[in-house]
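Comments concern the structure below.
Since the model is a prediction, treat every value here as computed from it, not as a measurement. Letters go in sequence order (proteins before strands), and every chain restarts at 1.
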Amino acid sequence: MLITPESFAAKILAFYQTHGRKDLPWQKNPTAYRVWVSEVMLQQTQVKTVIPYYQKFMRSFPTIKALANAPLDDVLHHWQGLGYYSRARNLHQCAQKVMTEFNGRFPKTLAQMESLPGIGRSTAGAILSLAMNRPTPILDGNVKRVLARVFMVDGWYGQSAVNKHLWDLTSRYTPQENTANFNQAMMDLGASFCSRSKPQCEQCPLAIDCLAYIHGKTAEYPHKKPKKTIPTKQAKMYLQINPRQQVLLVKRPPTGIWGGLWTLPQFSQPSSIDSVKPQSDDTMCENLIDEIKHTFTHFHLHAQVYTAPKVPTGQSANGWTIEETSQQKWHNINELKRLALPTPIKKFLFRYFQINE
DNA sequence: AAGGCGTGGAG
DNA sequence: TCTCCAAGCCT
């Protein structure tokens with residue numbers, strides 16, 4: 001016998017009263033702007049990581065108008081270290097769109113909300129429910145985990161059929177009343193008792209209704225994503241300093257890895273061959289000074305950093321190709337801390353030039 | 001429909 | 001040290 005939506009909502013709302021989080025920075029006077037910024041920052045990012053970014057961001061861009069009028073580079077700088085930088089670009093574009101197309105106020109329908117860049121179905125639902133108390137469901141990782149266990153949903157989240165099933169479930173079980181508290185509580189339950197590992201089912205209000213718990217299979221749900229070995233990309237980076245003590249940096253194209261951020265001029269091997277080591281060309285007078293190893297979601301980066309009097313241009317030997325860039329510029333050393341730099345590049349540069357922070 | 005897109009915390 | 005993956009969206 002499946003739990004009814006009424007009973008489900010009642011239990012979750014009771015949980016909200018006793019265990020719900022009510023003091024997060026974006027929860028005091030939760031305007032659409034505040035909820036939106038927090039929700040975008042929280043995409044695939046933990047609360048603890050987000051909080052300091054959120055607070056600094058709000059001090060710098062207190063209103064959507066201020067955000068829309070800010071240079072994109074400033075927004076990217078505030079996003080430095082958070083990752084998934086297209087979020088910052090979309091956030092900026094979205095602010096401008098809300099200003100010009102919606103007179104500076106977020107729309108109130110789900111369809112209009114979802115039409116905005118960087119706002120998908122779940123983020124739209126979160127803004128509408130948490131900031132406007134409209135009865136829209138959400139489906140973030142926490143809600144997915146709770147539902148996958150309570151209803152023993154088979155399959156991995158990445159499969160569209162599974163995602164659709166979970167959307168059907170959250171739509172059916174999200175109440176029309178008190179939707180804000182319900183949605184917040186579902187996320188809080190998923191983040192606390194119904195955690196990924198070692199869930200505390202004895203304390204969960206849904207324990208007696210939870211199919212996974214009843215069958216002793218909470219550890220099996222949600223199903224894990226199939227693991228794949230990710231490739232390693234080799235790269236050569238060049239640290240070039242001119243007589244005025246400036247360093248040459250390139251701005252990466254808007255899309256792709258590290259989109260819009262400043263990094264070192266870089267040669268890459270399109271195909272990953274782990275055994276092939278890049279070879280220094282003596283005529284270039286290169287000096288290997290450091291090595292950068294960094295792991296992304298879908299590949300490892302293994303880069304050698306060289307100092308060179310001049311960065312090689314065009315097609316290099318052995319199939320090494322220069323990475324596409326949108327812009328290049330000499331930067332003063334003392335201005336590096338104002339730029340949006342990828343984390344491993346920032347660590348290298350700050351270490352090399354002995355910059356603090 | 002499945003893969004691209006960051007980083008750091010947890011175990 | 002290594003694996004897994006977190007308040008997803010876009011293409």
Side-chain angles (χ1 to χ4, degrees), chain A residues 20-21 24-27 30 34-54 76 79-91 93-94 113-127 129-131 137-146 155-164 166-167 170 183-192 194-198 219 222-231 233 252-261 263 293-301 340-347:
Chain A
R21 300 191 69 169
L24 292 167
W26 44 88
Q27 290 181 313
R34 290 170 189 162
V35 171
W36 167 57
V37 171
S38 72
E39 286 299 326
V40 173
M41 285 188 172
L42 287 161
Q43 288 167 7
Q44 302 290 281
T45 311
Q46 296 180 346
V47 171
K48 186 179 168 186
T49 303
V50 163
I51 288 176
Y53 280 89
Y54 175 83
L76 284 169
W79 217 265
Q80 174 175 261
L82 256 190
Y84 289 146
Y85 298 99
S86 66
R87 291 184 293 174
R89 177 177 306 277
N90 284 333
L91 201 76
Q93 275 183 12
C94 181
M113 195 72 89
E114 280 191 78
S115 76
L116 293 166
I119 299 182
R121 187 171 174 186
S122 188
T123 299
I127 300 169
S129 61
L130 301 178
I138 61 171
L139 187 62
D140 73 330
N142 292 308
V143 177
K144 284 179 182 176
R145 186 165 51 253
V146 172
W156 166 57
Y157 297 155
Q159 300 170 292
S160 55
V162 176
N163 212 42
K164 182 186 180 331
L166 290 167
W167 268 111
T170 190
N183 284 349
Q184 183 61 51
M186 284 291 283
M187 293 190 283
D188 293 336
L189 178 59
S192 58
C194 197
S195 54
R196 182 168 58 88
S197 57
K198 296 183 184 175
H223 287 349
K224 287 179 183 172
K225 146 179 165 179
K227 39 181 145 179
K228 291 180 183 171
T229 57
I230 61 178
K233 288 189 184 179
R252 298 190 64 92
T255 58
I257 202 81
W258 293 341
L261 274 62
T263 186
K293 288 184 178 179
H294 189 70
T295 299
F296 298 94
T297 313
H298 50 302
F299 68 91
H300 301 288
L301 174 67
L341 304 165
T343 295
I345 305 301
K346 179 185 175 185
K347 284 180 180 168

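For the P atoms, the distance linking dG4(B) with dA7(C) amounts to 23 Å, nearest Å. With C1' as the reference atom, dC5(B) and dC5(C) are 14 Å apart, rounded to whole Å. Comparing the same atom, P, in dT11(C) and in dG6(B) gives a spacing of 14 Å after rounding to whole Å.
When all heavy atoms of Ala124(A) and Glu114(A) are compared, the closest pair comes out as CB-CG, 3.9 Å. Across all their heavy atoms, Gly81(A) and Thr343(A) have their closest contact at CA-OG1, 3.6 Å.
Map Pro342(A) and Lys48(A) each onto its nearest nucleotide of DNA chain B; the residue landing nearer the 5' end is Pro342(A).
Residue contacts for Pro344(A): at a heavy-atom cut-off of 4.0 Å it reaches the sugar-phosphate backbone alone, with no base atom in range.
Contact annotation: His294(A) reaches the phosphate of dT7(B) (side-chain N/O to OP1 or OP2, under 4.0 Å). Taking side-chain N and O atoms only, His298(A) has a distance below 4.0 Å to OP1 or OP2 of dC5(B). Phosphate proximity of dA10(B) to Lys198(A): absent, as no side-chain N or O sits under 4.0 Å from OP1 or OP2.
In this structure, Lys347(A) places its NZ atom 16 Å from P of dG6(B), rounding to the nearest Å. Rounded to a whole Å, the NZ atom of Lys228(A) is 16 Å from the C1' atom of dC4(C). In this entry the distance linking NE2 of His300(A) with C1' of dC5(B) reads 16 Å, nearest Å. Per the geometry, CG belonging to Leu91(A) stands 15 Å off P belonging to dG6(B), to the nearest Å. If you take CG of Leu82(A) and P of dG9(B), they are 12 Å apart, rounded to a whole angstrom. Rounded to whole Å, the distance from OH on Tyr53(A) to P on dT7(B) is 9 Å. At whole-Å resolution of the value, CE in Met41(A) and P in dT7(B) are 15 Å apart. Between the CG atom of Leu341(A) and the P atom of dG6(B) there is a distance of 14 Å, given to the nearest Å.
Taking the ring-ring contact (aromatic ring centres under 6.0 Å, His included) definition, one finds that Phe296(A) meets it with Trp258(A), His294(A), Phe299(A), sequence neighbours left out. Remark: Gln27(A) engages Arg21(A), Leu24(A), Gln184(A) in a side-chain contact (heavy atoms from CB on, under 4.5 Å) (not counting sequence neighbours).
At least one side-chain heavy atom of Met41(A) sits under 4.5 Å from a side-chain heavy atom of Leu82(A). Using a 4.5 Å heavy-atom cutoff, the side chains of Trp36(A) and Leu91(A) are in contact.
Between the side chains of Arg145(A) and Asn142(A), at least one donor-acceptor pair of N or O atoms lies under 3.5 Å.
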Problem set entry | Per-nucleotide protein contact string for nucleotides 5-11 of chain C (B base, S sugar-phosphate only, - none; heavy atom under 4.0 Å) | SBBBSS-

